[in-house]
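The structure appears right after this line, and notes come after that.
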Amino acid sequence: MTKIGILGARGRMGQMLLSEIGSGAFKAELGAAIDRADGVTDNGMTITADTAAGFGASDVLIDFTAPAATRMHVELAADMKKPLVIGTTGLEEVDESALKAASEKSAVFYAANMSLGVNLLASLVEKVSKILPPEDFDIEIFEAHHKHKVDAPSGTALLLGQAAALGRDVDLQDAMVPARFGQVGARPEGAIGFSVFRGGDVVGDHTVTFAGEGERVELTHKASSRAIFARGAIRAALWLKDKQAGFYTMRDMLDL
Ligand code: NAD
């Protein structure tokens, strides 16, 4: 049995991970449940704020917290040579370089979205954007999430944007139009536009539209349960635990 440590155990994703590990569906058991303060969950599980002890008690860790916390966890994982699966979104470029630097010392897995469906979608978006030329088709990415989400656009929307940019052999930073308001002028050719909905309890909807003159192609994924992210992260942890130091993503695990 692999001992998995959960970072952010009190959070929405953390609780889902505890319940999936507890379900017995995986060859995994809880190494430690870690959050900002010591305590006990509703069903009697102990939560520790001693992050280093939690790392010590686990073979591999899963982090769904917040960027500032993930920064610390990445350093600790490198120092303690523990494989780490990261699902936290809203990371900045500097964080991503920190992940790559840490991955020289230990195995680091990062996925802005842990679901099989979304990663398959990203691979389809890359293919379609390679086929449909920018002079004929405009790419727009729409995402919807629950009212508690703090970052925008979602990590998944950015992941899909990157896939679209890759298909067109452009840099997402150059093509991206993250928001529109007021007299923004006509749409520049080759732009990759983003729009964002926040409300209610939406787990996560993403649509990539290729809009041409007279036709539109829409590729959509709808998540209806956080369990898909938790299961994907647990699979990633079991896959990562014996890997050598290095930076891994869903593409490596799913061979997409
Ligand atoms: P949440 O706010 O419900 O939970 C975050 C938890 O992290 C909280 O319990 C908080 O106390 C804890 N935390 C914060 N700082 C900490 C620290 N220093 N040490 C230990 N614990 C700490 O958030 P959530 O909805 O569970 O989402 C968490 C993150 O995961 C977000 O960035 C979200 O966008 C991302 N997410 C990713 C995926 C994916 O598939 N990759 C899916 C869902 C959510």
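As the structure lists them, so they are numbered: ligands from 1, and atoms in each ligand from 1.
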Mind checking what makes side-chain contact (heavy atoms from CB on, under 4.5 Å) contact with Ala223, not counting sequence neighbours? Val203, His221, Ile228, Phe229
With sequence neighbours left out, the residues meeting side-chain contact (heavy atoms from CB on, under 4.5 Å) with Arg231 are Glu20, Phe26, Ala227, Arg235
Quick one: side chains of residues 114-122, donor-acceptor pairs under 3.5 Å with protein atoms, not counting sequence neighbours, listed by atom name and distance.
unit_1, atom_1, unit_2, atom_2, d
Ser115, OG, Asn113, OD1, 3.3
Ser115, OG, Gly117, N, 3.4
Ser115, OG, Val118, N, 3.0
Asn119, ND2, Asn113, O, 3.0
Asn119, ND2, Ser115, O, 2.7

More than 12 heavy atoms from other groups under 6.0 Å of CD on Glu218: yes
Hey, which residues fall under 4.0 Å of ligand 1 on heavy atoms? Gly8, Arg10, Gly11, Arg12, Met13, Asp35, Arg36, Phe64, Thr65, Ala69, Met72, His73, Gly87, Thr88, Thr89, Ala111, Ala112, Asn113, Met114, Lys149, Phe229
For the pair His145 and His206, name the ring-plane relationship: parallel under 30°, tilted 30 to 60°, perpendicular over 60°. perpendicular
Same hydrophobic cluster for Phe247 and Val85, using side-chain heavy-atom links shorter than 4.5 Å among ILVMFWY? no
